[in-house]
Amino acid sequence: MIACLDNIQSWLTLKEEFDMNGSEAGTAISWAIEVILRETRAAASSDQPPQP
């Protein structure tokens, strides 16, 4: 998912569909990547058995 966000097509889509400039697109994509990483880490942490 991160690779899909971190490419020129995503930036162009945000520009064309939402009229975002480069800075706005960068902020939106950075936010999305941070959410994915945070949620993935939280899910990974909750899947681990408790430590003795």
Side-chain angles (χ1 to χ4, degrees):
M1 181 48 84
I2 291 173
C4 290
L5 290 169
D6 189 27
N7 67 56
I8 191 65
Q9 189 60 43
S10 294
W11 291 73
L12 290 174
T13 299
L14 290 174
K15 179 181 183 202
E16 292 171 0
E17 297 293 325
F18 302 103
D19 199 29
M20 290 185 174
N21 62 33
S23 179
E24 292 167 329
T27 299
I29 290 171
S30 294
W31 171 83
I33 290 172
E34 288 174 16
V35 169
I36 291 167
L37 291 175
R38 182 179 63 238
E39 294 300 318
T40 302
R41 289 177 183 139
S45 294
S46 67
D47 289 342
Q48 296 179 356
Q51 296 295 322

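Small disclaimer: the values here were computed from a predicted structure and weren't measured.
Residue S10 comes nearest to C4 through the heavy atom pair OG-O, 2.6 Å, listed as atom of the first residue, atom of the second, then distance. Residue G26 comes nearest to W11 through the heavy atom pair CA-CH2, 3.2 Å, listed as atom of the first residue, atom of the second, then distance.
In this structure, CG on N7 lies 12.5 Å from CD1 on I2, to the nearest 0.5 angstrom.
Among residues two or more places apart in sequence or in another chain, the side chain to side chain contact (heavy atoms under 4.5 Å, CB included) test is passed with L5 by I29, A32, I33, I36. Partners of T27 under the side chain to side chain contact (heavy atoms under 4.5 Å, CB included) rule, at least two apart in sequence or in another chain, do not exist in this structure. For D6, the side chain to side chain contact (heavy atoms under 4.5 Å, CB included) test picks out no residue, with sequence neighbours left out.
Linking Ile, Leu, Val, Met, Phe, Trp and Tyr residues whenever their side-chain heavy atoms come within less than 4.5 Å places M1 and L14 in a single cluster.
A 4.5 Å side-chain heavy-atom check between L37 and E34 finds every atom pair outside the cut-off.
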